[in-house]
Each structure stands twice: as structure tokens, then as C-alpha cells.
Colleague: 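Next up is a structure, given as C-alpha cells.
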Amino acid sequence: METGGRTYRAFISYSQQDKVWGRRLHRWLETYRVPSGILPGEPGSGRLGRFFRDDEEMAAASDIASIVQKSIDRSESMIVICSPRSAKSHWVSAEIEHFRKSGRGGKIFAFIIDGIPNSGDPETECFPPALRRAANPLDPGDLPIEPLGLDVRKDGGSRACARLAAGLLDVDFDDLWQRDRRRADARSRLLLGGVSVLAAVFAALAATAVLLGLEARKNERAAHDNLAAFFAERAWQKLADRDTVTAARYALAGMQLSPRNARVYHSVLGAVMFEAGESQPPLLHDGFVYHAAFSPEGAAVVTTSSDRTAKVWNTDDGRLLGTLSGHADRVNFAAFSPDGNRIVTSSGDGSAIVWDRMSFARLAEIDGHESAINSASFSPDSRRVVSASDDGTARIWDAATGEQLAQLGMGRDPVWSAVFSPGGGQILSAHLDGIARIWDSGSGNLIRELIGHEAAIYGAAYSHDGQRVVTASQDHTAIVWDVHDGKVLSVLTGHEDAVYKAAFSPDDATVATASRDSTAKLWDADDGMLRADLAGHRRAVWDIAFSPDGSGVLSTSEDATAVLWNTITGKPTRTLMGHSDKLWVGVFSPDGDHILTAGRDSTAKLWRTSGHLIASFEGGLGAVSYAELSQDGQHMAMAGASGTVQVWDTGTHRVLSVLEGHSDTVSGLAFSPDGERLVSASRDGTSKIWDWRNDRIVANLKGHEGWVASASYAPGGNLIVTAGADRTARIWDAGSGALLRTLRGHSGFVRGAEFSADSLQIVTAGHDATAKIWDAADGRLTASLEGHAGSVAAADFSPDGKRVVTGSDDGTARIWNTSDTRVLATLSAFKGRVWGVRFSRDGARVATANQDQTANIWDAHDGRLLVSLQGHANDVHSVAYSADGRQLVTASADGRVNLWDVTRQTQAWDRLAADACTQLLGATGRRFSDVEIAADQLLESEWPVAGRDVCDGVEGIASIAAIRQMAGLPADD
């Protein structure tokens, strides 16, 4: 079919985050057949023509911008896949503008997959700016593009594709659609052609009805499956918005609706569970959770709620130990006594209660405030309690009897908090009138007022040595004061809104602040200089807390996340995304092993502080150039610029062997399959085979001229391949060290070489921007993978040998088909070079080591980014999977090797789904709400019942009613 003298019928423009839809639409259009009689002189059933999509057409392009512009110029029309991602893409807008400059702006079609057209809201707007404005604002006739009703969510795939075809051909849609339907009906009738004409009339009619019914049901099922596939896309969108709870709901619901799409649901749920982090099942209340605290030894936690109760839970398993019921209003605050024997709760009803921790019996009733009590805390000796109230006073009480010992102040403005000094001799109170006050805890007399803020003080805290105080205020500042004379030591200025909380680090050298401006900050406690701006939250930050060792600080936000930051670098190391609503509190356990968060979603959650990082190894080698795991995962080898190789026990974190023999940087390492030997490659021009247990060199592999970049064992253990700066790769006998073959064909430095799983092939990565595949038996070159725009740093075979992944200095990794050298997927979320690439042992995932200080894990089928491992402070040089695929080791120029738990990426669906239902969703997250369904046409169509449980059919999980019963709540919610 003619395309107006141009190469392509249309150019498909889309955000790389929507590349799955780019492929889907491309496939639909190129396989669509035009019905007969639509075009004069056309016999019908012809193809629409070729469609340009960058992943398909640019495999060999070296100048992407140039290729894109030429392809747009050679396209008759343009189709823009519209979503909030494409609306924010500078590339998509640039492509539209280039097309419109050609004077063919009327031939642009908007294909909506997500979002709302012309909403003006950046979170929902699906039209890129170039679609929303005229190309020539001086021309009144040049109007913004209209979507022409191409919303696949409403029309479904078939109808939307037909609408596009009608627009591309400039024909009447109704005519084309009716002919399309008649053609489909005719195809159905042809299926009945085999029915014998000699059959009885009623039998023939019955058979026809059955067959038509089956075909109709088949079509209906296919349409249903196509729509259900959108649930995976919704899950990815929610994950991008850091809403893991809703993302998991979409993935689980999609699996219920369409098991045929299992792979995509499995992929997204694995990513969701990884990003959500490892936690205990939610600690459930029947209302907002206002406060949460650990016991002194960390074995228990207490939570408080608007449901008028406080609850005590076991830290290890999240089991409910007891419910503290007795308040007539919400419970605002709770604290354990320093000796761990008692708990105090304070309430909006103006009372506080002291409880026995073990029996949960009431020990003392504290009654005397005239308004809500905002906080209540024990003295260091556990004998007294200080309370702060909206009635404008703080009061001291006998913890055993509830008798009032002293009243602090007669003010009218609320007291937000009151705490004892570390020694117990003073009390510090924070007031709405903008003044903090220090009191004598014995007499109740006022010692001094800290005057300097211009608005309410929301929080005040002592330094650990008791010599200083920090206050946080509505006036956008925090102030550090001298306790002895009340002088201002420093004013922490830099926040753009109210400061809710301030805290000293364990060594008192740093102050952390949390603000309504959506940031937290770290300050030098002595001179008040800003050390780090902890920016990344999307809404107000309510709480801030240092880890017990001071290496981390936790910020807790209204955006439903808590972020753990490195206090030295100021960079985030983990984001906790398991809540569905505002968070108000986040604290560390006394040993630092757990984090407790709580908020508006009626839950508190216990998290493992280490997250997915199993261990971090620092060998004192400087920048680590390479690290490798043995196949059994029990040993890890690392090497760096010094030329020294270390072998570690991954279980005990102990160095087992130090191998010294290279005189320059070691750039490659590999264990033999049995783990007994190790081969190393070095810039000194040699490779060495080591008996590492005995610190002995078995063989020197000499032959390369210059730097040897990599060395790898064949899976059978009998061969070794090395790659070097002399433009060759070499195959060696692993037993004797004899050179067997030399692979020549690259025109530059060969940076890496790996065997296929069957040892029959070798792939090499070259500085000449190519990867090459060789026959390992005779050294014959069988394929050349060309298309990268920069040096190829690494390459690896998939386990079945049908694919190769390459990583390049051009900032991309690519997955190739080995049989025809086609690019199957381009991985391009990097900032800088890709240093290393590896397939997982099942071939479903690809891991990359990146210059942007991350290691990423990707879906090896569609190239979607699944998770990003953040924690290194410099380039990540290499990645390697354990044999079972559950662990990943990364080596970095920051001098560390990290071992990560990536089990969520390999877990079977049954276990993954059960954990999602139990650990992430709990009882409150397993159902879509009426509001969610009304707001989403996909849910209205495919999941219209709000009470439906997305975890129905998942084995091994408790019902919602049972979970509520275990949390001490009525079974019927």
C-alpha cells in the first residue's frame, strides 16, 4: 500500500517509560489489514505500511538525533502515545515540534493510554506541551491537536487501532469499522464451513450457535485479557509514584482477572515488593496512628491511635501482646519507662495513665489537666512523669501514685512537648507562644526562658550531654541554645516553611531538622553551618531521627514514605514505601536493627534497617575494580588498584586469603566452577590461576601484549578466556595454562570476554563499539553486534545462549538476538557509562553496573527497569549474580563491595503474592475503595466491586477478618 511517497506511514513517538506500549501499538498497526472496498482501486486486506519505532529501526544508528529527524521527515503521519510520562518527555515534545515544522501538523494522532487530556495538572496531564499549543501562535487557524477519541482505555485495542487506521487513510471510521466487523463475522462463518450440509436443519443450527458462541466467548476473553493487561501498567505507574500498596493491588487484581498475562504481573509485583522493603505485617489500629515507640531493650513497641487505644506489639514477629483501653478520646502519645517496666499514655481527654508493661494493668491515673495532653514522658529514674497540655501548663506527677508534684507555668498557649534533661534535674518545654522554658524538675520553678523565635515552637530537645538545647519553630528556623545561660549559639536558617522537629546526633556534633517545606537538613551543631540538604520528599517532613550509631538519619513525611539517609554523604540509602497515607513518626530501635513508622493509614510498620543490603565489605584496597561470587555463594573475591586479591567468607565476613602477585590493577576475576581456583586479569599484562586456599599461583597466562582486562572460566571448568588491550581474546587450558586459540577481529581494545552456558560460544566486548560472537572450538567469528555509539565495556550470554547483553560507554545496555543480531531491548536509564552487565541464571533479568553509582536490575524480555540499588558513593564497576539468583554482588570505586538480597526478583508467584498480601497490604490494603473505582475507568470496567479482595485465591494467607481478630479488632469491618 502506498504511503504518499514516504518511507513510513507514521512515526510513533513515546516516552521510554511507555516502551511496552510502543511495541504493542507497532505490532497492532503493522499486522492490521485494511478491509475491502475502503480505498478506491484497492483490493482490500492490504497492510497499512511501515511504522517507525526507535527500538525497531535504530539498532545500527550511531547518531540518534539525526536518525530521528530523518525518520520524522520520511513519515507521512505521526502517532503520539499520550500519558503523563510522555507529557513530561522533552524528546516527545521535540519530535512533535519537528514534525509540525514540516507543515504536516494535521496528520498527528494522539493515542491515549493514561492520564487526562488538557487537565493542566502535571500529575495527570497526558498531552505533551507541543500538542497543547499551536505550532504557529500568530496563525489563528493553527490550533492544538485534538485526540480524535483515540483512548484505548475506552475503545479497547481493536477499535482504537481501527480509528487510527481510518485517520491514517483519511477515510470514514464508521464505514471502516463496519467493514471490519463484517470481515470478522465472515471469518467466524468460515469456521462453520466444515459442518456437513447433509446434517439435520436443527442440528446444523445448534452446531452453528455453539460455534458462534465459542468464537464470541473467545473474542470476549481476548478483549478482557487485553484490558486486564492494563492492570500491570497501572501498577508500574503507581510504583513510579511511590505508592506500593496500590501498585500491589493492581498486580494482584490483574492476575485474578487474566492469568494469561502472568509474566507481566509477576515482574511488576517483584519490583513492588523489592521497593517496598522488608517489613513485618502491618500493626493494625481502627484509626489514625499518632505515635509509636520502642521499649528500652527493643523487644516491644507501643502504638497510639485515634481509636482511643494504645497497643503493645512484639518486635520480632509483630504479634499483638496487649491492648491498653481506658481513654475516652484519641491517644496522642505513649512512652516506655527507662527501666522498661511501665508505659505511660496521654490522651485528648486530658488524662494520662501509667500501665504495667507485662500485665497491662493500670498502675496510676493522672488527672488534672483541663485540656488535651500532647505528650507524657518518664524521668530517667522512671519515678516521675512530665506531661504537656493544651491548657498551657506542663505538670510533674508521681509515676507510682499519679499524685501531682508540680505545675510548670500558668500560660494560656498550648504546651506542645515537655521532656526531662538527660540527668533528670531539669525539664524543657516547648510552647505555642514561641518561647521554650527550662524548669527545675524538683521544685517546678522556672530557671530561664529561651526567647528568640518569632512564632510557635513545635519541638525542643536536649543534647545527649545535656549542655545544649535545640528548638524547632513555625518561623522557619531552628535555634541551638546554651543550657546554662540561655544564649543563642546558632540560628539554623535555610528552611522555607515551618520546622516541625530538630534532634541532635548521638555524638552531639550534628543537628537534623524536619520541615513543612518537604526537606530535612543536617547542620553543624557548633557553628550552625548547613552540612547536607536532604531533598526528595514530596510533602511536609514531620519527623527526623538519627540511628543509634549516627551513620544514618530517618526522615518521615506526609508523602507516605520514610527515607534513610547517609549522614556523611547526605544521600538516600533506602526509601520505605509500605504505607498508603501520611506518616507522622519514624524511630530506630535501640540496637538500630529495626525502624518503626506510623501514620494516617491506621497502621504502624516494623522494618529491617539493613533492607536488601546483606553485607558491605571494605578491604582497604582503594577503588574496587571487580568482585565475584563463588557458585555456592560462600566466598567472594575482590580486587583493586593495588594488584591485591582478597577472598572473603560471605557468612562470617572474614578474609580467608590475600593473593599478592600482580604489580598493577586487577581488572577481572572469576572462580572456577568448583570454587577451588581463581583466575585474575591485570593491567600488568598477565593473568594468573590461583589455588586461593593455599595462596599459591598454579599458572601464569602469558601472551597478551599489554593490559589484560578480563578473565573467565568456561562453565565446564576446563577452559579460560581472557581479553586484552592487544585487540585479542585468548582461550587457555585451565589445567596447564597452555594457550589454545587467539581470537582476532576487533579493531580496538577487547574489554571483556565470556563463555556461553554450554561453553560452545564466546562473546567479546570491544572498544571499537562492537561485541562479537565466536565459535569456542575453532575460534571462528560467527556474528558481530554493531549499533552502540561508544566503547562496549562488557557482554554476557543468556543461559540458553539465544541472547547477549552488552553494556557501553554510550550510556546504554542492549539485549541482542544471537541468531540474527537484532536488538531486542535497549536499557537506557543511566547517567554515564555502563561498566558491567550480567544475565540472571534463569535469563529473566539483567543486572548492570553503572557510572551513576547504581546497579540496576531490568526485565530481560521488555527492557523495563525493575529496581535500582543505591548505596555506593562512586562508580559501580561490576555486578555478579549468585548461582541461585537470590544475591547480587557489586564492586565500586568507593572501596566497597556490597552483597544484596534480590530474592524478590526470582521468587515464585505463590510466595511473592502471599508476602504482598501479608507483609505489605495487611487487612487495610487488600480492597480498592469506591473512590478509587469511580476515578479509574479501568477499574469501573474490570473490577467494579469495592469489597472484592485482591488476595482471593492466594494460598497460605489469613482472611481479612482473621487478621483483624489477631489485632484485637472486630472481625466485621
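Being a predicted model, the structure only gives us computed values, none of them experimental.
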Colleague: Under a 3.5 Å distance rule, please check whether Thr315 uses its side chain to pair with a backbone N or O of Gly298 as donor and acceptor.
Modeller: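 Flag set: sc Thr315 to bb Gly298 pair under 3.5 Å.
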Colleague: Can you confirm whether more than 12 heavy atoms, excluding those of Leu530, are under 6.0 Å from its CG atom?
Modeller: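 Enclosed: over 12 neighbouring heavy atoms sit under 6.0 Å from CG of Leu530.
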Colleague: Look at the side chain of Asp796 and the backbone N and O of Phe839, then say whether any donor-acceptor pair between them is shorter than 3.5 Å.
Modeller: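 Flag set: sc Asp796 to bb Phe839 pair under 3.5 Å.
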Colleague: With sequence neighbours left out, what residues match Arg85 under salt bridge (charged side-chain N to carboxylate O under 4.0 Å, His left out)?
Modeller: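 Here the qualifying residues are Asp18, Asp114.
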Colleague: Are a donor atom and an acceptor atom from the side chains of Trp542 and Glu558 found within less than 3.5 Å of each other?
Modeller: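 The answer is yes; a qualifying pair exists.
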Colleague: What distance separates Phe588 CZ from Leu554 CG, expressed to the nearest 0.5 Å?
Modeller: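 One finds 5.0 Å between CZ of Phe588 and CG of Leu554.
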Colleague: Run the side chain to side chain contact (heavy atoms under 4.5 Å, CB included) test against Ala711 and tell me which residues pass, sequence neighbours left out.
Modeller: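 Result, side chain to side chain contact (heavy atoms under 4.5 Å, CB included) vs Ala711: Val679, Ala681, Ser687, Thr722.
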Colleague: Just by distance, do the side chain of Ser756 and the backbone of Phe797 share a donor-acceptor pair under 3.5 Å?
Modeller: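 No, because the side chain of Ser756 does not come within donor-acceptor range (under 3.5 Å) of the backbone of Phe797.
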Colleague: What residues, two or more places apart in sequence or in another chain, satisfy side chain to side chain contact (heavy atoms under 4.5 Å, CB included) together with Ser892?
Modeller: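 Ser892: side chain to side chain contact (heavy atoms under 4.5 Å, CB included) contacts with His872, Asn874, Asp894.
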Colleague: I'd like to check the side chain to side chain contact (heavy atoms under 4.5 Å, CB included) partners of His266; sequence neighbours left out, ordered by chain and number.
Modeller: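 For His266, the residues satisfying side chain to side chain contact (heavy atoms under 4.5 Å, CB included) (neighbours in sequence not counted) are Trp909, Leu912.
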Colleague: Hey, are Glu628 and Arg838 close enough for a salt bridge, meaning a charged N less than 4.0 Å from a carboxylate O?
Modeller: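 Yes.
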Colleague: Does one side chain, of Ser267 or Arg864, offer a donor that lies under 3.5 Å from an acceptor on the other?
Modeller: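 Note: Ser267 and Arg864 side chains miss the donor-acceptor criterion.
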Colleague: Quick check: does any side chain N or O of Thr609 sit under 3.5 Å from a backbone N or O of His594, one acting as donor and the other as acceptor?
Modeller: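 Between the backbone of His594 and the side chain of Thr609 there is a qualifying donor-acceptor contact (under 3.5 Å).
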Colleague: Before accepting this row, confirm whether a basic side-chain N of the pair Asp862/Arg23 lies closer than 4.0 Å to the acidic partner's carboxylate O.
Modeller: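 The answer is no: the pair does not qualify as a salt bridge.
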Colleague: Given 3.5 Å as the limit, does a donor-acceptor pair link the side chain of Ser86 with the main chain of Ser15, or not?
Modeller: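 Checked: no pair found.
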Colleague: Check this for me: does any side-chain nitrogen of one of Glu275 and Lys238 sit under 4.0 Å from a carboxylate oxygen of the other?
Modeller: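 No.
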Colleague: What pairs with Ser279 under side chain to side chain donor-acceptor pair (under 3.5 Å), at least two apart in sequence or on another chain?
Modeller: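 If we apply the side chain to side chain donor-acceptor pair (under 3.5 Å) test to Ser279, skipping adjacent residues, the hits are Lys605.
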Colleague: My understanding is that only residues two or more places apart in sequence, or in another chain, count here; which of them pass salt bridge (charged side-chain N to carboxylate O under 4.0 Å, His left out) with Arg608?
Modeller: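 Result, salt bridge (charged side-chain N to carboxylate O under 4.0 Å, His left out) vs Arg608: none returned.
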Colleague: Do His612 and Trp900 have ring centres separated by under 6.0 Å?
Modeller: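 No.
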Colleague: Donor-acceptor check, side chain of Gln905 to backbone of Gly270, threshold 3.5 angstrom: yes or no?
Modeller: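 Confirmed, Gln905 side chain pairs with Gly270 backbone.
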